[in-house]
Amino acid sequence: MSKYALTVTCKSTRGIVAGISGFLAEQGCHITDSAQFDDAETGNFFMRISFSPEEDVAVSPDGLTETFGEIAKRFGMTYHFFSETERMKVIVMVSRFGHCLNDLLYRCRIGALPVEIVAVISNHMDYQKVVVNHDIPFHCIKVTKENKPQAERRIMEVVEETGAELVVLARYMQILSDEMCQKMSGRIINIHHSFLPSFKGANPYKQAFERGVKLIGATSHYVTADLDEGPIIEQDTVRVTHAQSPSDYVSLGRDVEAQVLARAIHAHIHRRVFLNGNKTVVFPASPGSYASERMG
Ligand SMILES: Nc1nc2c(c(=O)[nH]1)N[C@@H](CN(C=O)c1ccc(C(=O)N[C@@H](CCC(=O)O)C(=O)O)cc1)CN2
């Protein structure tokens with residue numbers, strides 16, 4: 001697996017790839033994986049490039065960030081160097097349905113999802129024991145219409161105290177305030193149990209049953225003030241029939257929701273997701289990045 005990666009966003013023009021590859025060669029690094037997208041519609045250019053220093057070369061994300069500054073300025077780049085072995089700190093939030101939480105705890109434990117879950121927050125006590133059994137701090141923050149601002153202040157305190165870079169709403173069923181969405185823009189990922197844009201809001205499986213659909217699905221997206229309308233990261237579906245009920249949909253949907261959420265988080269923590277207006281650019285996973293540290 002490569003040791004470092006660079007992500008770049010800028011306006012499209014010629015010479016970008018040459019500038020980046022030439023810079024990395026000059027720094028004594030060889031490129032191990034690269035993906036780029038030139039969006040003709042918006043004129044935006046996106047690139048993610050993995051690289052490793054030669055054996056006798058010492059580099060660091062901070063050092064590369066400074067040295068790359070001149071090239072970045074020339075192309076007006078927004079860029080980020082990072083270590084591919086560093087684990088992102090993540091907070092998981094859940095309400096009553098725990099299938100996505102349990103799936104994430106398992107994937108994290110076997111190393112399939114290389115993150116550090118620094119806390120679990122819930123507005124109910126249902127999952128306190130399972131979380132504590134994973135040696136992860138559990139915070140029960142009750143939410144009512146009257147105390148929502150105070151509850152969100154406490155949530156943000158936990159984010160600050162833990163240094164969490166990402167908050168995952170793993171079936172957390174409370175609408176977050178516009179202020180929190182703005183403050184955490186691009187850092188909150190939700191799993192919605194429908195194939196958006198169909199069936200936004202509460203009870204999507206009931207909505208789907210009443211519509212008579214033949215496919216139900218799940219969508220993972222960044223959270224914005226516009227409910228379930230944030231940039232989509234990952235989606236998938238499963239077939240349903242006329243003979244099944246909304247509770248059958250709940251059962252069928254569990255695995256799809258957990259898989260879609262895990263794929264979205266995997267993409268985010270490896271910085272393969274780029275915001276492109278109200279959409280995303282999602283590059284494919286690098287070779288070996290799904291390997292579990294604890295093979296079965
Ligand atoms: N600002 C945002 N907050 C949340 C989003 C979002 O996109 N933007 N996604 C939701 C998740 N969600 C569907 O996936 C959802 C959750 C909750 C509700 C809702 O109506 N909640 C009620 C309370 C329900 C209860 O107490 O059981 C409410 O908050 O008043 C709709 C959709 C997570 N948050």
Side-chain angles (χ1 to χ4, degrees), residues 90-101 103-104 119-127 139-156 158-159 164 166-211 213 215-238 246-247 249-250 252-265 268 273 275 277-280:
V90 177
I91 287 175
V92 181
M93 297 180 68
V94 64
S95 289
R96 288 279 197 208
F97 292 91
H99 51 289
C100 292
L101 167 67
D103 180 77
L104 293 176
V120 171
I121 296 174
S122 179
N123 51 331
H124 301 284
M125 284 297 287
D126 303 42
Y127 302 103
H139 302 267
C140 185
I141 302 176
K142 293 286 187 190
V143 182
T144 64
K145 284 198 182 347
E146 297 70 33
N147 85 337
K148 270 207 171 185
Q150 293 91 322
E152 282 196 354
R153 268 200 296 279
R154 181 61 194 129
I155 292 167
M156 288 309 296
V158 178
V159 171
L166 176 67
V167 173
V168 175
L169 306 186
R171 293 300 298 280
Y172 180 74
M173 302 312 283
Q174 293 296 322
I175 297 175
L176 304 181
S177 67
D178 295 6
E179 183 191 0
M180 183 166 175
C181 294
Q182 186 58 41
K183 189 169 183 179
M184 295 288 288
S185 178
R187 291 173 56 197
I188 305 178
I189 291 176
N190 179 53
I191 182 69
H192 181 70
H193 39 308
S194 86
F195 192 71
L196 290 174
S198 298
F199 315 133
K200 294 171 190 160
N203 304 312
Y205 287 140
K206 182 171 180 291
Q207 295 179 57
F209 175 76
E210 286 166 358
R211 182 65 187 79
V213 298
L215 285 172
I216 58 170
T219 302
S220 194
H221 62 91
Y222 288 111
V223 167
T224 63
D226 300 320
L227 188 63
D228 301 328
E229 294 197 0
I232 291 172
I233 306 167
E234 178 62 70
Q235 297 186 289
D236 209 337
T237 61
V238 60
S247 58
Y249 292 10
V250 170
L252 286 163
R254 274 192 208 105
D255 292 343
V256 179
E257 293 169 42
Q259 198 168 59
V260 165
L261 181 57
R263 290 203 297 252
I265 296 170
H268 180 88
V273 187
L275 287 170
N278 68 333
K279 300 190 282 185
T280 62

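Keep in mind that the numbers below use all heavy atoms, side chains included, and drop hydrogens, waters and symmetry copies. Values in this document were obtained by computation on a predicted structure and should not be read as measured data. Just follow the structure's listing: the first ligand is 1, and inside any ligand the first atom is 1.
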**Prompt:** Out of Ile191, Asn123, Ile175, whose heavy atom is nearest to atom 19 (C) of ligand 1?
**Reply:** Ile175
**Prompt:** Going by the atom numbers of ligand 1, which of them fall below 4.0 Å from some non-hydrogen atom of Val223?
**Reply:** 2 (C), 6 (C), 8 (N)
**Prompt:** Quick check: does Cys181 get an N/O under 3.5 Å from an N/O on ligand 1?
**Reply:** no
**Item:** Enclosure of Lys142 NZ (heavy-atom neighbours >12, cutoff 6.0 Å)
**Value:** yes
**Prompt:** Which protein non-hydrogen atom lies closest to atom 26 (O) of ligand 1, naming both residue and atom, and how far is it?
**Reply:** Gln174 NE2, 3.0 Å
**Request:** May I ask you to check whether Thr224 has an N/O atom sitting below 3.5 Å from an N/O atom of ligand 1?
**Result:** yes
**Message:** For residues 185-197, which residue pairs pass the salt bridge (charged side-chain N to carboxylate O under 4.0 Å, His left out) check, not counting sequence neighbours?
**Reply:** none
**Prompt:** Out of curiosity, is Val143 lining ligand 1, as in a heavy atom under 4.0 Å away?
**Reply:** no
Atom pairs and distances, side-chain donor-acceptor, residues 176-185, under 3.5 Å, sequence neighbours left out:
{"residue": "Ser177", "atom": "OG", "partner": "Glu152", "partner atom": "OE1", "Å": "2.4"}
{"residue": "Ser177", "atom": "OG", "partner": "Met180", "partner atom": "N", "Å": "3.1"}

**Request:** Could you list which atoms of ligand 1 come closer than 4.0 Å to a heavy atom of Tyr172?
**Result:** 11 (C), 33 (C)
**Request:** Show which atoms of ligand 1 fall inside a sub-4.0 Å distance from at least one heavy-atom site of His192.
**Result:** 13 (C), 14 (O)
**Complete:** the protein heavy atom lying closest to atom 15 (C) of ligand 1 turns out to be Met173 CE, 4.0 Å
**Request:** Would you check, one step at a time, whether the test side-chain contact (heavy atoms from CB on, under 4.5 Å) holds for Leu275 with Thr280?
**Result:** CA-CA 5 Å; Leu275 287 170; Thr280 62; 4.3 Å; yes
**Asked** Do any N/O atoms on Asp228 end up under 3.5 angstrom from N/O atoms on ligand 1?
**Response** yes
**Asked** Would you say ligand 1 has an N or O under 3.5 Å from any N or O of Leu176?
**Response** yes
**Request:** Decide whether Ser194 and His192 meet the rule of one side-chain donor and one side-chain acceptor closer than 3.5 Å.
**Result:** yes
**Donor-acceptor contact below 3.5 Å, side chain Gln207 vs main chain Lys200** = yes
**Request:** Can you sort out which atoms of ligand 1 are near Lys148, meaning under 4.0 Å from one of its heavy atoms?
**Result:** 28 (C), 29 (O), 30 (O)
**Item:** Residue and atom name of the nearest protein heavy atom (relative to atom 31 (C) of ligand 1), distance in Å to one decimal
**Value:** Ala202 N, 3.8 Å
**Request:** State the atoms of ligand 1, each with its element, that fall below the 4.0 Å cut-off from a heavy-atom position in His221.
**Result:** 7 (O)
**Prompt:** Passes side-chain contact (heavy atoms from CB on, under 4.5 Å), Arg171 versus Leu261? Steps please.
**Reply:** CA-CA 10 Å; Arg171 293 300 298 280; Leu261 181 57; over 6 Å; no
**Request:** Answer whether the closest heavy-atom distance between the side chains of Ile189 and Tyr222 falls below 4.5 Å.
**Result:** yes
**Message:** Taking side-chain contact (heavy atoms from CB on, under 4.5 Å) as the criterion, tell me which of Val120, Val168, Ile155, Asn190 meets it with Met93.
**Reply:** Ile155
**Request:** Do me a favour and list the nearest non-hydrogen protein atom to atom 5 (C) of ligand 1 with residue, atom name and distance?
**Result:** Leu227 CD1, 3.5 Å
**Request:** Would you check if there is a donor-acceptor pair between the side chains of His193 and Tyr249 at a distance under 3.5 Å?
**Result:** no
**Prompt:** Under 4.0 Å from ligand 1, counting heavy atoms only, is it the side chain of Leu169, its backbone, both or neither?
**Reply:** side chain
